[in-house]
Amino acid sequence: MSGSRLSRRTFQRLAAGTALAAPFVRGAHAAGKISIGFWDHWVPGANKATTDLCNEWAAKEKVEVQIDYITSQGNKNRLTIAAEAQARAGHDIMAMPSWEPHDKAKLMEPLDDLMEPLIKANGAVNPTVEYLGKADGHWLVVPATAGSQIKGPCSRIDLLKEHAGVDIQALYPAGSPPKADAWTMDAYLKAAQACHKAGFPFGVGVGGTPDSVDTAGAIFSAFGAVLVDAKGNITVKSDTVRQALDYYKQLMAVLPPDVPAWDDASNNKWLISGKGAAIMNPPSAWAVAKRDAPKIAEQLWTHGAPIGPKGRFAPFVPYFWGVWNFGRNKSAAKSLLLHLSQASAAEKMVAASGGYDLPAFEKLTLFKTWVEEGPPKGTLYHYPNPYNHQVLSMAGAPAPPKIAVQIYTQAIMTKMAVRHFQGEAMEKTLAWAASELEGFMRT
Amino acid sequence: MADIAVSRAGTVNGAGGRTSLHRLMQRKSTVAFLMALPLITVIVLLVVYPAIYSLHLATLNKSMERFVGFGNFTFLFGRETFWLVVKQSCIFAITAVVFKALIGFVVAHFVHNIPSKGQRKWRGMLLVPWVIPPAMSTLAWLWLFDPSYSAFNWILALFGIDPVPWTGDAYWARFSVILVNIWIGAPFFMIMYLAALKSVPEQLYEAAAIDGATWWQRIWYVTLPMMRNIIAITTLFSLIVTFANFDIVRVLTAGGPLDHTHVFATWAFRVGIEGGDIPLGASVSLFMVPILAVAAWFILRDITKRGNEA
């Protein structure tokens, strides 16, 4: 009986041993909890790759992960970001659409310690990512693979060849660099005119939604047309803006008459209906065609933008992952973002999204998915800008982001194009734009 | 009357705090207040608090760090687009309410004259546009008005008529959003007017008939005076709801083309949430308040005056 009794000395020894061992005992969620608000992907099944990557990291790091996929339908993700910013509470990591990081800059945890090794490993990021994701020399966010996209041209191989004499596959051959010197803004306009004449107009939206605005941004950039410069000066009354508007006037004359009312679904529908020869969109239109109109999908080729007097610009719309500075588990959040930004993770996301998602790093543009997706095989090869022959641009840039976001959301460029096309005198359109831009200068 | 309905037992049996509480609980007004408390709480949380908070937001600068007083409002007064939105909101609300009232009045008369056996069926059917969530029914309208594949244009094409740019042309787009608002809102007027029509004493019509009143005179001198209050209340209510409309414009045109269909709520969303300028968005949405307050004051004053005369 006495042998089984716990003496004072034995108890002290046991207690001391337990206390010393405590930090090394790792339970299932020993490193705490992390909550994430990711963007809810359009592509069915694409969220699963992200979930799997998070779970993989959580199992290794012993962190409990809670993921909410928040849709951008009806701007629900932006409303959530606004609410969390107001409440100074919410998720630890938040997926942010293009303009949000600058808008919430004061609430973002700097991520320089992540971006430096990532750039070293994966190559440089394009200037648009830097413009939107960096403030005062510091990274506010890291570029997200999921949701980032280039909205370049997607054209019908057969219709362009037959009616415009353009062999788009020869200009952008799968597996090798583009031979697109002749693919100029003039060539694009001539092709649009020829296809219009044949009854298959190009479908380029000139409405107020992002697809239309992004296209306008790239066309304006190709002419060097800047509404507000990087210092915040209004530069809309310039010859380059006049040239861009004149170009739009000629282009709109051969587009479907309803393009000022198009939304982001209209160009997809236009291509899939078989009525159109080309649109400006990421590969989602091709992916839907593959499902709903396979004969049309077989004739679609995603390629680069035409070159203008000031360069070849493609609309790039990045998503970002950011860490709130009021988050409860910032170190875990950074560790997870590092994991999600690895090349292997990006490749999984690209594969799960059927090639739609796009890493922002220079070395991550030749994944197997883009090489092999089809039919036709290689249709997505030039989608990620593998030879860096286009400048990936953002409508509204290079204006300071707080001004540019207004230019973007108020669709100033497409409104200018429509006004001028509908017969408003050039100088009146420019004066209207200048007045609107003055209103965006408030702080 | 309710406040003085005090239990006698309370005054006889007890004294002090317990008796006072007992007495308080015996009051009908106290019971009514307690029963309404859940609703009051919901209203305070979801209406009063956001309203006060939006007032606070409207006085801040764009980055929400500095108090600017009426600065946001004075800024708005200098914007061309703001006055376009004011004009459009007025055109949208007034045109829609007038047509909803007219259509509701006419249809209410038709339904009123249907024999009571089949009337319920018609009433139910006519209420359908009003009971479907507007965002859903507007999606159906969006399909009918689609820029490229409009069902209406398909029908027009069968008769050799050129396609109409329902949402592509500024004036047609205004027409389209007003039409959808009328379609959704007219049944509400119809049901309110129908209820009012049913309460008009039949003897008044009989007396008017004996006096040789024509159909128009019966409407003008009997029906309309008897319905005045309900018309005023319905108009006020509808004016408020129509001025504050968001879903129809948002789904159908998103304010385009060239901002020509924006109303206060949609433009406030564009500026505040999409444009990242929440204080300016709050100011735009608050601009509705004085306009509606003036309308409410005139209409309610008229109703009170008639009540006093009666």
Side-chain angles (χ1 to χ4, degrees), chain A residues 74-76 78-79 81-83 85-86 97 99-100 102-106 203 205-210 212 256-267 269-270 273 275-276 401-402 405-411 414-419 422 424 431-432 435-436 438-443, chain B residues 53 57 61-66 68 71-72 74-76 78-82 135 142 145-150 153 162-170 172-173 176 246-247 250-262 266-267 269-281:
Chain A
N75 286 298
K76 209 171 172 186
R78 299 184 68 183
L79 288 168
I81 292 166
Q86 284 287 298
W99 297 105
E100 292 294 336
H102 262 272
D103 192 48
K104 308 290 180 298
K106 287 182 180 159
V206 197
T209 53
S212 300
D258 47 14
V259 285
W262 276 21
D263 60 20
D264 287 350
S266 304
N267 49 0
K269 285 191 272 183
W270 184 249
S273 71
K275 289 183 183 179
K402 281 184 194 308
V405 64
Q406 305 281 344
I407 297 173
Y408 189 94
T409 53
Q410 297 284 351
T414 53
K415 282 177 191 166
M416 287 169 75
V418 174
R419 279 169 169 262
Q422 289 180 345
E424 191 174 80
W432 170 83
S435 147
E436 289 293 301
E438 272 166 26
F440 301 158
M441 300 294 157
R442 60 188 237 110
T443 52
Chain B
Y53 190 60
L57 284 175
N61 71 331
K62 190 181 174 189
S63 54
M64 295 194 280
E65 289 163 328
R66 213 175 59 240
V68 292
N72 289 326
T74 49
F75 171 80
L76 283 173
R79 310 304 317 148
E80 191 188 323
T81 314
F82 174 69
L142 179 65
F145 287 140
D146 187 282
S148 310
Y149 316 99
S150 163
N153 283 345
D162 284 341
V164 175
W166 298 104
T167 53
D169 173 80
W172 277 112
S176 302
F246 176 80
D247 34 20
R250 180 75 194 169
V251 173
L252 212 56
T253 62
L258 298 178
D259 295 327
H260 275 68
T261 56
H262 265 309
T266 54
W267 201 56
F269 187 78
R270 172 65 54 87
V271 169
I273 299 296
E274 293 181 327
D277 196 341
I278 289 176
L280 198 64

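Residue numbering restarts at 1 for every chain, and letters A, B, ... go by the order of the sequence lines. Just so it is clear, the values below take in all heavy atoms, side chains as well, and ignore hydrogens, waters and symmetry mates.
Under the 4.5 Å side-chain criterion, counting only non-hydrogen atoms from C-beta, Gln410(A) is not in contact with Glu274(B). Ser435(A) is listed as a side-chain neighbour of Arg79(B), based on a closest heavy-atom distance under 4.5 Å. At least one side-chain heavy atom of Phe269(B) sits less than 4.5 Å from a side-chain heavy atom of Leu79(A).
A distance of 12.0 Å separates CG of Leu258(B) from CE of Met416(A), quoted to the nearest 0.5 Å. To the nearest 0.5 angstrom, Trp262(A) atom CH2 is 12.0 Å from Thr167(B) atom OG1. In this structure, NZ in Lys415(A) is found 6.5 Å from OG1 in Thr81(B), a value given to the nearest 0.5 Å. Within the model, atoms CG of Leu280(B) and CD of Gln406(A) stand 8.0 Å from one another, a figure rounded to the nearest 0.5 Å. In this structure, Ile273(B) CD1 and Thr409(A) OG1 are separated by 11.5 Å, a value rounded to the nearest 0.5 Å. Taking NZ from Lys106(A) and CD from Glu65(B), the interatomic distance works out to 3.5 Å, rounded to the nearest 0.5 Å.
When Asp259(B), Val68(B), Val251(B) are compared by the number of non-hydrogen pairs under 4.5 Å with chain A, Asp259(B) comes out ahead. Counting heavy-atom pairs under 4.5 Å between each of Val259(A), Asp258(A), Val206(A) and chain B puts Asp258(A) at the top.
Contacts of Tyr53(B) with chain A are made by side-chain atoms alone, with heavy-atom separations under 4.5 Å and no backbone atom involved. For Glu436(A), the parts sitting under 4.5 Å from any heavy atom of chain B are the backbone and the side chain alike. Proximity to chain A is limited to the side chain of Asp146(B), based on heavy atoms less than 4.5 angstrom apart. Neither the backbone nor the side chain of Lys104(A) comes within less than 4.5 Å of any heavy atom in chain B. Using a 4.5 Å cut-off between heavy atoms, Trp267(B) contacts chain A through its side chain alone, with no backbone atom that close. Using a 4.5 Å cut-off between heavy atoms, Lys269(A) contacts chain B through both its backbone and its side chain.
Using modelled atom types, one finds a donor on one side chain and an acceptor on the other under 3.5 Å when comparing Asn72(B) with Arg442(A).
Heavy-atom minimum distance, Gly168(B) versus Ala261(A): CA-CB, 3.4 Å. The minimum heavy-atom distance between Gly439(A) and Phe75(B), with the atom names listed, is O-CZ, 3.0 Å.
With sequence neighbours left out, the ring-ring contact (aromatic ring centres under 6.0 Å, His included) criterion links Trp99(A) to Tyr408(A).
Proximity of a side-chain donor or acceptor of Lys62(B) to a complementary backbone N or O of Phe440(A) within less than 3.5 Å is not detected.
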